[in-house]
Number of protein chains: 2
Amino acid sequence: MAIGDTPTVTPGRRIEHDVRAQIENGNLHIGERLPSEAELSAQYGVGRNTVREALRALAGQGLLEIKVGKRGGTFVTRPSAEKISGSLRLALSLMAGTEVSVANLVQIREILEIPAAEIAALQRTEEELAALRATLFDPYHVDPDRVFGCTGGFHLAILRATHNPLLPIVASPVFQVLEERFLRDRAPQRVWLDVDRDHREIVDCLERHDQAGAREAMRAHLRAARQQYYQDMAES
Amino acid sequence: MAIGDTPTVTPGRRIEHDVRAQIENGNLHIGERLPSEAELSAQYGVGRNTVREALRALAGQGLLEIKVGKRGGTFVTRPSAEKISGSLRLALSLMAGTEVSVANLVQIREILEIPAAEIAALQRTEEELAALRATLFDPYHVDPDRVFGCTGGFHLAILRATHNPLLPIVASPVFQVLEERFLRDRAPQRVWLDVDRDHREIVDCLERHDQAGAREAMRAHLRAARQQYYQDMAES
DNA sequence: ATCGATTTGTGCGTATGTATC
DNA sequence: TGATACATACGCACAAATCGA
């Protein structure tokens, strides 16, 4: 242990930080099992409650998985994509309106999703194209809940079709926060006509592997969405 | 257990999920104080340790802040930018090599940092320009540790100069994971000559608000970095 | 500045549920 | 079926931090 460590850190915090550091520097690798609570409490010279709380905090971050039973125990794991994405979505949702403006969110969305469309036009498989078509909807018979799910599914399908797992992880929370805060079901039908037209145009571009077309179609689509967000803000 | 019963969810998990849901749907606001542990344990009909572990799990995610003392207690907070960025960095680091390839990381980096340079060229203040210049180094007197910090500082300064707080949050973890895994101090001096030249060219573009120049200079810089990563991988 | 009230931090013992053998 | 090992849950007691009178 390094000298001059923070003097007044509670044992619980210290254990949490210590285990986290061991995961980070590879001392503990994925799938490895930690000593039992009793062993840890003996090693650190603290009670089992203290150990348990430290392990809980790390489990909340998705770094540990706790299983019961004789062959159970606490195991090192990596946060799932869903866990990361969910944490990011909640964090962005809580930041939106104070530290982070709608313009910030829109800008990130355009930075990520416009290249994503271009990459997807190159990488998409037939299966992904079919999944994308399944998200198209009939703008003349709008069930608000269904349309909301379709638009989310459309953009997620594009991100997935890039074959880069990081793009859905970082881009979908941004998209979800924007869609949650706006036009959940407040948008007039005219908007859905435009959205549907844009979606179909993008799908057409992906079908013929038209990278430049997909990029520009997505750019136009997101520009329209941006205008809708701003109009929605002005009204409320 | 009777047939059709909901699977047994432990009280601790239930409390954790319940509090998280209340934060998410706005029932609990930022800065609001939760009831004391004793009150919560009475409300939920569980022991105080159970409550503490649930709160610890949420505190580990940066959603709660726990303070001791008479006016202390458990307060709802939003995860700090550092917390989010740190969690993302560790998660990416653990995923790198299995679910996520180096090519995936490089692609995200280019998607984010090339537009960032273009935006920074428009938005940068004199102070940010000065901070950027402070990260330049002398490639002929390379102290590996210092150069490593400088390159990180350079890219972070660009991201900050965009005036979009989300860009540092999502882009810096990607950058850090790549730099950690490669050329920490294995790079030959020739590389640092090129890096220094690229950095100075980008700074020059930002100085004269040359958006297209900054974008293309960053593109070239990241292309060179990509080649270095791949060469580094081939050698090891 | 001391004292007391409030709240979290910690230790320990015990009983129970559950998965594995 | 029973034994074993481990997590789960609870309750209590005391320590430490903090604030206010």
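In what follows, chains are A, B, ... by sequence order, proteins preceding strands, each numbered from 1. None of the values given here were measured: they were computed from a predicted structure.
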For B/R71, all residues meeting side chain to side chain donor-acceptor pair (under 3.5 Å), sequence neighbours excluded:
none
May I ask you to decide if the ring planes of A/F154 and A/H199 are parallel, tilted or perpendicular, using 30° and 60° as cut-offs?
parallel
Is a donor on one side and an acceptor on the other found under 3.5 Å between the side chain of B/R124 and the backbone of B/L206?
yes
Positions of residues 63-76 of chain B (non-hydrogen atom under 4.0 Å from DNA chain C), listed by number
B/I66, B/K67, B/V68, B/G69, B/K70, B/G73, B/T74
Residues 152-172 of chain A vs salt bridge (charged side-chain N to carboxylate O under 4.0 Å, His left out), sequence neighbours excluded, gives none
Length of the CZ-C1' vector between A/R52 and C/dG11, whole Å
14 Å
What integer distance in Å separates A/I15:CD1 from C/dG11:C1'?
12 Å
Where the side chain of B/E128 meets the backbone of B/T125, is there a donor-acceptor pair that is under 3.5 Å apart?
yes
Sorted by first residue and then second, give each salt bridge (charged side-chain N to carboxylate O under 4.0 Å, His left out) pair with at least one member in residues 25-36 of chain B; sequence neighbours left out.
none
Please list residues of residues 54-62 of chain B whose heavy atoms come under 4.0 Å from any atom in DNA chain C, ordered by number; otherwise none.
B/R56
Nearest-Å distance for atom pair CD/P, residues B/E53 and C/dG11
14 Å
Could you tell me whether the side chain of A/E37 reaches within less than 4.5 Å of the side chain of A/S41, counting heavy atoms only?
no
Using five pairs at each end of the helix from C/dT2-D/dA21 to C/dC21-D/dG2 to define an axis, what is the angle between those two axes, to 10°?
10°
Restricting to ring pair (Phe, Tyr, Trp, His ring centres under 6.0 Å), what partner residues turn up for A/F175, sequence neighbours left out?
A/H155
Quick note, salt bridge (charged side-chain N to carboxylate O under 4.0 Å, His left out) partners involving residues 161-178 of chain A, not counting sequence neighbours, are none
Got a sec? Which of residues 33-43 of chain A come in under 4.0 Å of DNA chain C, heavy atoms?
none
Using a 4.5 Å cut-off on heavy atoms from C-beta on, say whether the side chain of B/L112 contacts that of B/L159.
no
Measuring only between side-chain heavy atoms, which start at C-beta, is B/H17 closer than 4.5 Å to B/R14?
no
Between A/H29 and A/V76, is any pair of side-chain heavy atoms under 4.5 Å apart?
no
Pair A/I111, B/N164 - check side chain to side chain contact (heavy atoms under 4.5 Å, CB included), show working.
CA-CA 12 Å; A/I111 287 174; B/N164 185 335; 5.8 Å; no
In whole angstrom, give the distance that lies between atom CZ of A/R13 and atom P of D/dA17.
15 Å
Mind listing the side-chain donor-acceptor pairs of residues 60-69 of chain A below 3.5 Å, one per line with the distance, residues two or more places apart or on another chain?
| unit_1 | atom_1 | unit_2 | atom_2 | d |
| --- | --- | --- | --- | --- |
| A/Q61 | OE1 | A/R20 | NH1 | 2.5 |
| A/Q61 | NE2 | A/A57 | O | 3.2 |
| A/Q61 | NE2 | B/G60 | O | 3.2 |

So which protein nitrogen or oxygen atoms get under 3.5 Å of nucleotides 12-15 of chain C's nitrogens or oxygens?
| unit_1 | atom_1 | unit_2 | atom_2 | d |
| --- | --- | --- | --- | --- |
| C/dC12 | N4 | A/N49 | ND2 | 2.8 |

Would you mind listing every salt bridge (charged side-chain N to carboxylate O under 4.0 Å, His left out) that reaches into residues 74-88 of chain A, with sequence neighbours excluded?
A/R78-B/E99
